[in-house]
Enquirer: 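Could you have a look at this structure, given as structure tokens, before my questions?
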Amino acid sequence: MDLYEYQGKELFKRFGIPVSEGRLATTPEEARAAAQELGGQVVVKAQVLTGGRGKAGGIKLADGPEEAEEHARAILGMDINGHVVRKLWIESASEIEREYYLALTFDRGLKKALFMFTKEGGVDIEEVAANRPDALARLHVDPLEGFQPYQARRLIYGAGIEDESEQKQIAKIAERLYATFVESDAMLCEINPLIVTPDGEVKALDSKFTVDDNALYKHPDIAEMRDLEAYPPEERQAREKGVTYVKLDGEVGVLGNGAGLVMSTLDVVALAGGRPANFCDLGGGGDAQGVVDALEIISADPQVKSILFNIFGGITRGDEVARGILQALEQLTIEDPIVVRLDGTNAEEGRELLQQAAPPNLHVEPTMLEAAKRAVELAA
Ligand code: GDP
Ligand code: MN
């Protein structure tokens with residue numbers, strides 16, 4: 001789960017990483033009030049889950065409340081890389097002497113957290129890594145040893161920081177960033193830029209923060225930060241109902257149990273000459289309510305012309321899934337043709353149940369390929 005800049009900064013602040021004071025605003029009037037409260041020069045920052053806001057015109061300095069309101073009016077509603085700006089972060093403006101880059105990410109290959117630090121911040125880090133790899137200090141942290149003071153020194157000297165006060169401040173920030181990263185189960189904590197002010201103060205001016213979805217149950221406060229409005233309505237509905245759903249752009253609605261099976265179903269639909277309209281995974285289950293929820297979400301998509309159910313009974317029994325489908329069809333009116341392929345545990349009982357009781361728009365096919373062909377045909 002990606003956090004907005006202001007949410008990441010809230011976590012930074014909690015762990016003692018210096019950030020500027022700021023306020024959230026969703027209207028130009030709120031932006032004006034925020035600037036009034038903060039006083040002095042402020043920066044109006046678009047809050048979107050994508051980078052490059054500065055280049056896109058989503059970050060503007062304002063000399064006072066009036067100008068903050070003006071900028072807010074211009075930035076709200078702006079489209080930045082496909083993300084519409086609905087929220088602003090109004091923050092006390094900083095004077096910038098230098099811009100550095102400090103990040104902590106998870107290196108899956110080595111199963112260790114990886115620090116990256118360079119004096120060449122503010123810009124595209126990929127560019128620095130590609131053209132001037134020597135300017136980028138990299139350092140892995142052993143999860144059992146934790147982040148050690150000598151490692152902080154290695155990182156700082158490695159990037160060529162010479163000022164003693166900066167060295168001290170950055171060492172502390174790196175140590176705290178490691179604590180933030182570990183304690184919030186992050187996959188990425190990036191500060192770009194980490195600035196030095198003319199007074200020599202080092203602080204985080206931006207935040208890019210990704211938390212491991214699988215650890216969110218341990219962090220209800222972070223889980224609550226999820227902004228449901230940032231998702232398309234079907235995906236939002238699916239999330240609320242606990243169904244895994246990804247919208248695609250074809251016409252065959254796909255529903256299966258297990259991510260692997262669903263992925264191969266997408267391939268088989270393509271093989272049969274069709275295009276999947278979505279990826280929908282019921283998970284291990286297949287109980288009536290799960291089927292109802294999933295069918296509701298899939299059939300709400302106007303692009304869907306036929307629905308392909310691909311179920312392999314492992315722990316889930318075929319007859320149970322068949323009952324789930326029948327029950328779902330009693331509760332919902334679905335006009336699109338539905339093709340079912342049922343295999344595995346109690347598949348025969350399941351197929352029989354469907355054949356006896358199913359409405360005329362439901363077709364049962366014996367194999368995955370035949371089912372996909374049928375669904376593609378019916379979608380045409
Ligand atoms: P990004 O473009 O999405 O990465 O957004 P950032 O928060 O990193 O801001 C982009 C750039 O805007 C920074 O690199 C700074 O140069 C500038 N900027 C942001 N905040 C301030 C500020 O408080 N004062 C000044 N002078 N510039 C700022
Ligand atoms: Mn940035």
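Whatever order the structure lists them in is the order used to number ligands and atoms, beginning at 1. Along the sequence shown, the residues carry numbers beginning at 1.
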Enquirer: With a 4.5 Å cut-off on side-chain heavy-atom distances among I, L, V, M, F, W and Y, is there a chain of contacts connecting Leu114 to Leu155?
Expert: no
Enquirer: Please examine the side chains of Lys203 and Val19, heavy atoms only from C-beta on, and report whether any two atoms are closer than 4.5 Å.
Expert: no
Enquirer: Of the listed options (Glu99, Lys60, Lys208), which comes nearest to atom 14 (O) of ligand 1 when hydrogens are ignored and any heavy atom counts?
Expert: Glu99
Enquirer: Thinking salt bridges, do Lys9 and Asp206 make one under a 4.0 Å N-O criterion?
Expert: no
Enquirer: Do me a favour and list the nearest non-hydrogen protein atom to atom 23 (O) of ligand 1 with residue, atom name and distance?
Expert: Ser94 N, 2.8 Å
Enquirer: As an exercise, identify every atom of ligand 1 less than 4.0 angstrom from a heavy atom of Ala93.
Expert: 23 (O)
Enquirer: For the residue pair Gln237 / Tyr245, report whether a side-chain donor-acceptor contact shorter than 3.5 Å exists.
Expert: no
Enquirer: Please check this pair: side chain of Asn346 against backbone of Glu349, looking for a donor-acceptor N/O pair closer than 3.5 Å.
Expert: no
Enquirer: Would you check if the side chain of Gln331 reaches a backbone N or O of Val292 as a donor-acceptor pair within less than 3.5 Å?
Expert: no
Enquirer: What protein N, O or S atoms come within a distance below 2.8 Å of the Mn ion (ligand 2), ordered by chain and number?
Expert: Asn192 O, Asp206 OD2
Enquirer: Among all protein heavy atoms, pick the one closest to atom 9 (O) of ligand 1 and tell me residue, atom and distance.
Expert: Ile59 CD1, 3.3 Å
Enquirer: So, Asp336 and Ser306: side-chain donor and acceptor under 3.5 Å apart, yes or no?
Expert: no
Enquirer: Say whether, by atom type as modelled, one donor and one acceptor occur between the side chain of Gln169 and the main chain of Gly200 under 3.5 angstrom.
Expert: yes
Enquirer: Counting only non-hydrogen atoms of the protein, does one fall under 4.0 Å from atom 17 (C) of ligand 1?
Expert: no
Enquirer: What I'd like to find out is whether the side chain of Asp2 reaches to under 4.5 Å of the side chain of Phe209, using heavy atoms alone.
Expert: no
Enquirer: Is the shortest side-chain heavy-atom distance between Tyr178 and Arg176 below 4.5 Å?
Expert: no
Enquirer: Would you tell me which option among Glu5, Arg53, Lys203, Glu91 has the nearest heavy-atom contact to atom 3 (O) of ligand 1?
Expert: Arg53
Enquirer: Of the protein's non-hydrogen atoms, which lies at the shortest distance from atom 27 (N) of ligand 1, and what is that distance?
Expert: Ile96 CD1, 3.3 Å
Enquirer: Less than 4.0 Å between atom 11 (C) of ligand 1 and some protein heavy atom, yes or no?
Expert: no
Enquirer: Out of Glu91, Gln36, Glu37, which one pairs with Arg23 under the side-chain hydrogen bond (donor to acceptor under 3.5 Å, both in side chains) rule?
Expert: Glu37
Enquirer: Give the atoms of ligand 1, by number and element, whose distance to some non-hydrogen atom of Pro193 is under 4.0 Å.
Expert: 8 (O), 14 (O)
Enquirer: Taking a cutoff of less than 4.0 Å between a non-hydrogen atom of the residue and any ligand atom, is Gln41 in contact with ligand 1?
Expert: no
Enquirer: Mind running side-chain hydrogen bond (donor to acceptor under 3.5 Å, both in side chains) on Lys247 and Gln303 for me, showing each step along the way?
Expert: CA-CA 10 Å; Lys247 170 95 175 86; Gln303 252 181 283; 3.2 Å; yes
Enquirer: How far is atom 21 (C) of ligand 1 from the closest protein heavy atom, and which atom is that?
Expert: Leu205 CD2, 3.5 Å
Enquirer: Write out the residue and atom name of the closest protein heavy atom to atom 2 (O) of ligand 1, then the distance separating them to 0.1 Å.
Expert: Gly54 N, 2.8 Å
Enquirer: Measure the distance from atom 7 (O) of ligand 1 to every protein heavy atom, then report the residue, atom name and distance (to 0.1 Å) of the closest one.
Expert: Lys45 NZ, 2.7 Å
Enquirer: Between Glu201 (side chain only) and Val196 (backbone N and O only), is there a donor and an acceptor less than 3.5 Å apart?
Expert: no
Enquirer: Suppose we measure from atom 6 (P) of ligand 1 to each protein heavy atom; which comes out shortest, and what is that distance?
Expert: Asp206 OD2, 3.4 Å
